[in-house]
Amino acid sequence: MFVLVEMVDTVRTTPWQFERKLNDSIAEELNKKLANKVVYNVGLCICLYDITKLDDSYIFPGDGASHTKVHFRYVVFHPFLDEILMGKIKGCSPEGVHVSLGFFDDIVIPPESLQQPAKFDEAEQVWVWEYETDEGAHDLYMDIGEDIRFRVVDETFIDTSPTGPSATESSSSTAAEETQRKEAPYTLVGSISEPGLGLLSWWTNN
């Protein structure tokens, strides 16, 4: 679920930080820049693990700050495909069941990846597994806040970096750009379509 990623960046240290140890100042700046941010095709950055190498620092004309090339390792949330995770149901919609891990909310289990047969209850706004037994079908509701075990089956990264307008761009594209910026930069797709996956209460009570 968590991996160590080797990264390289140039860190700017302001003059009022010169009285501190360089490693401490750089660590603080790296966490300000990366913590709780999604790096495209890498994952959700959690925290700095260690600094492996510091190159020479430079001060450029007109700027009193020092600039240091830093080699470091960062703790990143990036589960591998087919990994099984535990979360809580955040909500349901016709698009599927939305799951939260507490620190990461952009997880969806689409309708075709639920235990089947399943239906969406419009009145309750929840998904229901129509569980077949010898006595007939029982409706098992996927209520908000329930613990859920799921398998990661896909992931999507979207580059949400801002882009400058082009000369040929029309004003009608503004709404589409706003929608794109609101899209999650990193989304996981889950599945509970196999035995042992789904709400913990299903398997502990049966």
Side-chain angles (χ1 to χ4, degrees), residues 1-8 30-31 34-50 52 72-121 125-133 137-161 179-206:
M1 182 164 67
F2 296 101
V3 294
L4 276 181
V5 178
E6 295 182 358
M7 299 183 178
V8 180
L30 287 173
N31 278 324
L34 293 173
N36 205 32
K37 303 290 194 307
V38 171
V39 176
Y40 185 67
N41 282 340
V42 174
L44 175 67
C45 294
I46 303 299
C47 65
L48 178 69
Y49 183 76
D50 63 6
T52 57
F72 59 97
R73 293 186 294 176
Y74 218 86
V75 179
V76 173
F77 170 71
H78 189 177
F80 56 84
L81 296 184
D82 287 331
E83 183 170 359
I84 293 177
L85 301 179
M86 285 279 300
K88 286 185 180 294
I89 295 179
K90 182 183 177 184
C92 294
S93 72
E95 288 73 36
V97 177
H98 304 275
V99 180
S100 172
L101 298 179
F103 62 92
F104 184 76
D105 293 340
D106 296 312
I107 304 170
V108 63
I109 303 173
E112 64 271 16
S113 297
L114 300 173
Q115 294 277 7
Q116 300 296 327
K119 65 180 180 181
F120 185 65
D121 189 320
Q125 288 293 297
V126 295
W127 278 93
V128 182
W129 176 24
E130 298 175 298
Y131 180 63
E132 296 288 344
T133 68
H138 291 272
D139 288 346
L140 300 179
Y141 287 79
M142 304 180 200
D143 294 320
I144 294 175
E146 289 272 10
D147 293 322
I148 187 169
R149 182 189 292 121
F150 63 95
R151 184 185 299 278
V152 178
V153 295
D154 198 6
E155 63 181 12
T156 303
F157 284 94
I158 296 177
D159 188 358
T160 57
S161 302
T179 301
Q180 183 176 3
R181 279 196 288 270
K182 291 178 181 179
E183 288 182 325
Y186 178 39
T187 303
L188 294 177
V189 178
S191 172
I192 59 170
S193 61
E194 57 192 272
L197 300 181
L199 273 62
L200 295 190
S201 59
W202 292 349
W203 309 110
T204 56
N205 295 337
N206 292 297

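In this chain, numbering begins with 1 at the start of the sequence shown.
- The shortest non-hydrogen separation linking Val42 to Val76 is O-CG1, 3.7 Å.
- At distances below 3.5 Å, not a single donor-acceptor pair connects side-chain atoms of His98 with backbone N or O atoms of Gly91.
- Note that the OH atom of Tyr74 and the CG atom of Leu4 stand 12.0 Å from one another [nearest 0.5 Å].
- A perpendicular orientation is assigned to the rings of Phe157 and His78, their planes being inclined by more than 60° (bins at 30° and 60°).
- One distance of note links CD of Gln115 with CE of Met142; it measures 7.5 Å at 0.5 Å rounding.
- Sorted pairs that involve residues 34-46 and meet salt bridge (Lys or Arg N to Asp or Glu O under 4.0 Å), not counting sequence neighbours, are lacking altogether.
- For Asp50, the side chain to side chain donor-acceptor pair (under 3.5 Å) partners two or more places apart in sequence, or in a different chain, are Arg73.
- Summarising the geometry, atom CG belonging to Leu199 is positioned 8.5 Å from atom CG belonging to Leu140; distances are rounded to the nearest 0.5 Å.
- Expressed to the nearest 0.5 Å, how far CD1 of Ile107 lies from CG of Leu101 amounts to 3.5 Å.
- Nearest heavy atoms, Cys45 versus Val39: SG-CG2, 3.5 Å.
- Ring-plane geometry between Phe103 and Phe77 is classed as perpendicular, the angle between the planes exceeding 60 degrees on a 0 to 90 degree scale with a lower cut at 30.
- One N or O on the side chain of Arg151 and one on the backbone of Asp82 form a donor-acceptor pair closer than 3.5 Å.
- Around atom OH of Tyr49, no more than 12 heavy atoms belonging to other residues, nucleotides or ligands sit under 6.0 Å away.
- Judged by distance alone, the side chain of Asn31 and the main-chain N or O of Leu48 form a donor-acceptor pair under 3.5 Å.
- Counting only distance, with no hydrogens or angles, the side chain of Glu155 and the backbone of Leu81 share no donor-acceptor pair below 3.5 Å.
- Closest approach of Glu83 to Met1, counting heavy atoms only: OE2-N, 3.0 Å.
- Contacts of Gln116 classified as side chain to side chain donor-acceptor pair (under 3.5 Å), with partners at least two apart in sequence or in another chain: none.
- With respect to Lys119, the side chain to side chain contact (heavy atoms under 4.5 Å, CB included) criterion is satisfied by exactly one of Val126, Leu114, Val128: Val128.
- Judged as a side chain to side chain donor-acceptor pair (under 3.5 Å), and not counting sequence neighbours, the contacts of Glu95 are Ser93.
- Residues passing the side chain to side chain donor-acceptor pair (under 3.5 Å) test with Asp154: none are found, sequence neighbours excluded.
- Of all the heavy atoms in Gly87 and Phe150, the pair that sits closest is N-CE2, 4.2 Å.
- The local environment of CD in Glu112 is crowded, with over 12 non-hydrogen atoms from other residues, nucleotides or ligands closer than 6.0 Å.
- Taken to the nearest 0.5 Å, the CG atom of Asp139 stands 12.0 Å off from the CH2 atom of Trp129.
- With values rounded to the nearest 0.5 angstrom, Leu44 atom CG is found 10.0 Å from Leu188 atom CG.
- For Phe80, there are no ring pair (Phe, Tyr, Trp, His ring centres under 6.0 Å) partners at least two apart in sequence or on another chain.
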